[in-house]
Protein chains: 2
Amino acid sequence: MTKKISIVDIANTLNISKTTVSFILNGRAQEKRISEELVERVLKLVKEVGYKPNSLAKSLRTGKSNIIGLMVEDISNPFFASIARLIEDRAYEKGYRIIYCSTDNDTGKTQDLITMFRDRHVDGYIMAPPSNIDDDVRSLLKSGSPVVLFDRYLPEVETDYVVVDNQFSTYNATRHLIEQGYSKIAFITFSSQQSQMMDRVTGYKNAMKEAKLKTFIKEVDFNRNEELIIEPIHAYLKKNPTIDAVLFGTDHMGTCGLKVINQLGLKVPDDIAVVSFDDYDVFKLHSPPVTAIAQPIETIADNIITLLLKKLDNGNAQTMQKITLSTNLNIRNSSKQVVKAV
Amino acid sequence: MTKKISIVDIANTLNISKTTVSFILNGRAQEKRISEELVERVLKLVKEVGYKPNSLAKSLRTGKSNIIGLMVEDISNPFFASIARLIEDRAYEKGYRIIYCSTDNDTGKTQDLITMFRDRHVDGYIMAPPSNIDDDVRSLLKSGSPVVLFDRYLPEVETDYVVVDNQFSTYNATRHLIEQGYSKIAFITFSSQQSQMMDRVTGYKNAMKEAKLKTFIKEVDFNRNEELIIEPIHAYLKKNPTIDAVLFGTDHMGTCGLKVINQLGLKVPDDIAVVSFDDYDVFKLHSPPVTAIAQPIETIADNIITLLLKKLDNGNAQTMQKITLSTNLNIRNSSKQVVKAV
DNA sequence: ATGAAAGCGCTAACAC
DNA sequence: GTGTTAGCGCTTTCAT
C-alpha cells in the first residue's frame, strides 16, 4: 500500500538527501536553486510511488495542522448545519479541514472541546459560544490562536465576530404584527443569557413598549428532547387564550410552536398569527406559509471564513472586526390580518 | 500559557526521566512497579502546571489519532445531519473525535477526502459512499483501516454496513397508494447508481408490476441549486396531468416536490397524493400531513458507531457485519383517498 | 524500580 | 546547489 513510503525512501532511491526532496516538495526549489532536472526526477518518482507526506509529522514540526475547529450549538439544527456546510466548502478550497463539535450550549462541554482542539493544534477556532466561556476564549486569544465568533458574541471579550442585528429584527417583526392589528403578541423563546437571545427579547420589548402594549414573554429551557419544549408552550398558550399572535425566538422554537398550534387546533392566522426567527422549508411550505426572519446564511458563512482565513494568513496580526448583518423579514400569510377588524 | 510544557519539563523538574513520567501517565506505573510516592508526585505536578500531552506527537509515535473520518453526502441535509450528531455523541464518549466532510456524491472529491483522511491517520472511516469508489474503499480495507458504510453499500466490496430495507420500503409505500385507489402513481427521484436508489426504484416497480399498472418514473440530476431540482419536477408534473399520486425518493426530493405542488396549485391529496422517503418536520407539519417512510435514525447511528468501535478495539479482526434495518411507513392524510370513488 | 536512547517523518538552520 | 544534523514531543525496548 501507499503506506510506508517516507521522504527518506525517496531520497535514498535517488541518492540525494531528504532536505533536497523536502525543498522541492515545498516549492522552494527555485529559491534554493535546485536544478530543473533534479526537480523533475524527484517529482516523477514521487508520483510513481504515490508518496504522500505524513501531515502528522509535518504538523508536529511546523506547529500548523491545517485544521479548523468548528463549534456549533447543534449540528443537527438546520441553521448550524447550513453554516457548517458553507464554511466547510470554503475552508476545503483553501486546504483547511474542519473538525466540528456540538456544544449543546453547555459551558463545561465546550471547555472540554476547546482543550481537545488546542491539544490537536488546530490553527483556528470558529464558535457559537455558550455563556460563561469568556475566560477560555481569552486564553485562546492570548496564546495566539485566531478565534471568530458567530451567531452571538461575548460582550466582555474583544474578538472578531459575525452576527445579525437581532434586536432590530425582532423589533421590526413585532412592529409588523402590531401594524397588522394584533395586540396580544407573545414572544416565545429559549431562556438564555446569550447576546443574541437577549437582543431578540429587547427588540420585542421595545416595540411593545412603544405601542403601549402589554408584553407576554415565555421562556422555555433548552432540551434535546422535543417533548419537553412542546409541553411548556402548550401549557402557556392554553393558559393565555387571549394571545392573538406569537413571535418565536428561533427556528427550532418555531417548529415546536407550530406543532403545538396544530395540537390545539388553532387556525393561523385567524386564531393566532405566527412569525418565527430563521427561515426554513418548514415555514415556507406550511399552510399558510409562515412569516419569518431570514438570516443571510451565505453571507454569514462567507464573512466568518474570510475573517478567519485572513487572520491565519497574517499571523493573527490585525485588529478585530465586528460584523453585524441585517436580516430580512419575509412576510407571508401567517401574519396577515384578515379583514375582519372593520 | 499551557503552551510549552512538555513531558521533558516535568521530568526535569522532578529530576527523573521522561520515560518514568510517560509510564505513569499511561497508567503503566503498577506494571512497571513505580513507587506509589513517585506516582503521586508526578501526578500532582502535572495537575499543578496543567500539563497536557501533545496528541500530535503521540499520534506520530503510536500511529493512532483517535479521530474518525465521517463522510456524508451533504451535512446540511437533515438526514445526514441527524446521523452525524448521534455519531458524534457516541464517539465523543469513547474519546474519539470526528472530522467530517460532505462528498456531494462526487467520486473525485471523495477520493481526495479519503487521501486526506488517510494522510491524517484517522483510525476509522464512516462513509455514505458515492458510486465508483470501490477500489478506494478496498485499498483502505487492505491497509487495515476499519470502514463502515451506511445509507448505501457497495455490492462489490466486502465491508461492514448499515442500511435500511429500501426495496421493501418503497414497495410497501407504493402498495399503500394502490390500496388507497390511486393508479397513476409516479416515482420521482434522483438519478443515481447507488444501491439505495436502485433498490427504491425496484421496490416501486415491483409493486406497480404486481398491480399491472404503468410506471411513471422521473429521475432528476442532483444539484445543490434547488431551482434546478424544482424545475424538472415542475415540467414533469405539468406534462403528465393524469398522475394522481407521487412517491418521492428522498426527503430533499419530497421537499422540492411539495414546493412544486404548491406552485401548481394542486390540492393534496385530492388532486395528487404524496408520499416521501424520510420523515421530517416539513412532512409532519404540512397541511395535510405527508405520509412518509421513516428511517430509524437513532438505531442506524447506534449500529454504525458500535460496529466501528468494535473494530477499533479488536484491531479490525472480525468478520464483516451487514445490517439491514426496517423502516416505518407513517401514514398521514396526504395519501388517504377521500371517499369519492363510490 | 528507573533511565538512556532510538526513532516516528518531517523541516530548516547551517554547513560545504 | 546539495547535504548534515538537530530537533518537534512522545513511546518503548533494552539496560541496569
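Chain letters run A, B, ... following the sequence lines, proteins first, then strands; residues in each count from 1. Worth knowing before you read on, the calculation uses all heavy atoms, side chains too, and leaves out hydrogens, waters and symmetry mates. Just so it is clear, the model here is predicted, and its values are computed rather than measured.
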Item to check | Separation between CD1 of Ile133(B) and CD1 of Ile114(B), rounded to the nearest 0.5 Å | outcome: 4.5 Å
Next on the checklist: Using a heavy-atom cut-off of 4.0 Å across all strands, would you classify Asp9(B) as base, sugar-phosphate, or nothing?
Outcome noted: nothing
Next on the checklist: Are Ser192(A) and Phe222(A) packed together at the side-chain level, in the sense that at least one heavy-atom pair is separated by less than 4.5 angstrom?
Outcome noted: no
Checklist entry - Are a donor atom and an acceptor atom from the side chains of Ser139(A) and Arg118(A) found within less than 3.5 Å of each other? => result yes
Next on the checklist: Taking any heavy-atom pair under 4.0 Å as a contact, classify Leu56(B): base, sugar-phosphate, or nothing.
Outcome noted: nothing
Next on the checklist: If the cut-off is 4.0 Å, is Thr20(A) near the phosphate of dG3(D), judged by side-chain N/O to OP1 or OP2?
Outcome noted: yes
Checklist entry - Is there a donor-acceptor contact under 3.5 Å linking the side chains of Arg120(B) and Ser55(A)? => result yes
Next on the checklist: Without decimals, in angstroms, what is the distance between Glu40(B) CD and dA1(C) C1'?
Outcome noted: 17 Å
Checklist outcome for this item: From CD1 of Ile24(A) across to C1' of dT2(D) the rounded distance in Å is 10 Å
Next on the checklist: I want to verify a distance call: between dG3(C), dT2(C), dC10(D), whose nearest atom is closest to the Ile34(B) side chain?
Outcome noted: dT2(C)
Next on the checklist: Rounding to an integer number of Å, can you tell me how far Asn15(B) CG sits from dT2(C) P?
Outcome noted: 14 Å
Next on the checklist: Could you tell me how far apart Glu36(A) (CD) and dT2(D) (C1') are, to the nearest whole angstrom?
Outcome noted: 16 Å
Next on the checklist: Please report the distance, rounded to the nearest Å, between CG in Leu60(B) and P in dA6(C).
Outcome noted: 18 Å
Item to check | Relative orientation of the end axes in the helix from dA1(C)-dT16(D) to dC16(C)-dG1(D), expressed as an angle to the nearest 10° (five pairs per end) | outcome: 50°
Next on the checklist: Over all strands shown, is Leu38(A) touching base, sugar-phosphate only, or nothing at heavy-atom distances under 4.0 angstrom?
Outcome noted: sugar-phosphate
Item to check | Those residues that, when tested against Tyr161(A), pass ring pair (Phe, Tyr, Trp, His ring centres under 6.0 Å) (two or more places apart) | outcome: Tyr153(A)
Checklist outcome for this item: For nucleotides 11-16 of chain C, 5' to 3', base contacts (B), sugar-phosphate-only contacts (S) and non-contacts (-) with protein non-hydrogen atoms under 4.0 Å give BBB---
Item to check | Interatomic distance, Ile5(B) CD1 vs dC8(D) P [rounded to whole Å] | outcome: 15 Å
Which pairs would a plain distance check flag for residues 19-30 of chain A, meaning a side-chain donor or acceptor within less than 3.5 Å of a matching protein atom at least two apart in sequence or in another chain?
from: Thr19(A); atom 1: OG1; to: Ser17(A); atom 2: OG; distance (Å): 3.3
from: Asn26(A); atom 1: ND2; to: Ser22(A); atom 2: O; distance (Å): 3.2
from: Arg28(A); atom 1: NH2; to: Glu31(A); atom 2: OE2; distance (Å): 3.1

Checklist entry - salt bridge (charged side-chain N to carboxylate O under 4.0 Å, His left out) with Asp123(A): which residues, sequence neighbours excluded? => result none
Checklist entry - Tell me, which pairs form a salt bridge (Lys or Arg N to Asp or Glu O under 4.0 Å) where one or both residues lie in residues 8-18 of chain B, sequence neighbours left out? => result none
Checklist outcome for this item: His121(B) NE2 to dC8(C) P, in whole Å, measures 13 Å
Checklist entry - Between dG3(D) atom C1' and Asn12(A) atom CG, what is the distance in whole Å? => result 13 Å
Checklist entry - Does any donor atom in the side chain of Asp74(B) or Ser76(B) lie under 3.5 Å from an acceptor atom in the other side chain? => result yes
